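Structure, as structure tokens:
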Amino acid sequence: MLSINDKHIDFFQSVYDVVRLIPEGRVTSYGAIARYLGAPRSSRMVGWAMNAAHTQSGVPAQRVVNRNGLLTGKAHFSTPTQMEELLEAEGIQVKDDRIVNFKEIFWDPSIELEL
DNA sequence: AGTTTGACGCCTA
DNA sequence: ATAGGCGCCAAAC
């Protein structure tokens, strides 16, 4: 699925690129990433891309949650507690698989990177 | 080649 | 507030 043409950059690669830009201590949602990539209705693709995120390096997958601030992807980490542990290590409070103050630490690429 | 399934989001009842 | 349906695109069956 590699492409030699720059015209259509891999969707996966683009997702990883955005995720890498998420500042420490901040989080974003699948929908926000999809919207930033120009596919507002394709949040599922972001999720699919994240499925293979662990194969990439420098991709803080724990900073990507669903629009409710729920750690929906925690099952895909090494251990069921890995995700929240990583988040808490960055100063993000997690309560019952949900990010506390989600609205405050939310980082929207389409806004933060609009310039 | 048709069907099912996602680490989702949004609208409607 | 909760539940269910549809959309959207790619990969696995």
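Please read these numbers as outputs of a predicted model, since none were measured by experiment. So that the names make sense, note that chain A is the first sequence line, chain B the second, and so on, each numbered from 1. Basis for what follows: all heavy atoms, side chains included, without hydrogens, waters or symmetry-related copies.
With values rounded to the nearest 0.5 angstrom, A:I22 atom CD1 is found 8.5 Å from A:Q62 atom CD. Residue A:D97 holds its CG atom at 3.5 Å from NZ of A:K74, rounded to the nearest 0.5 Å.
A donor-acceptor contact under 3.5 Å is formed by the side chain of A:S43 with the base of B:dC8. Counting atom types as modelled, A:R44 pairs no side-chain N or O with a base atom of C:dC9 as donor and acceptor under 3.5 Å.
Across the protein-nucleic acid pair, A:N68 atom CG and B:dG9 atom P stand 7 Å apart, rounded to whole Å. A:W48 has its CH2 atom 21 Å from the P atom of C:dG7, to the nearest Å. Rounding to whole angstrom units, CZ of residue A:F11 and C1' of B:dG6 are separated by 13 Å. Per the geometry, CG belonging to A:L37 stands 13 Å off P belonging to C:dC9, to the nearest Å. Spacing between atom OH of A:Y16 and atom C1' of B:dA7 amounts to 12 Å, rounded to whole angstrom units. Rounded to whole Å, the distance from CZ on A:R41 to P on C:dC8 is 7 Å. Regarding A:F12, its CZ atom lies at a distance of 12 Å from the C1' atom of B:dA7, rounded to whole Å. With rounding to whole Å, A:M45 atom CE is found 15 Å from B:dT5 atom P.
The shortest non-hydrogen separation linking A:F77 to A:L86 is CE2-CD1, 4.0 Å.
Residue-level contact check: A:A61 touches the bases, meaning some heavy atom is under 4.0 Å from a base atom. A:N66 comes within contact range of the sugar-phosphate backbone alone, with a heavy-atom separation under 4.0 Å but no base atom that close.
In this structure a side-chain-to-backbone donor-acceptor pair under 3.5 Å is missing from A:R98 to A:G69.
Within the 4.0 Å cut-off from OP1 or OP2 of B:dC8, at least one side-chain nitrogen or oxygen of A:T72 is found.
One finds a salt bridge joining A:E90 and A:R63 here, because a Lys/Arg side-chain nitrogen approaches an Asp/Glu carboxylate oxygen to under 4.0 Å.
Taking the P atom of each, B:dT4 and C:dG5 are spaced 15 Å apart, rounded to whole Å.
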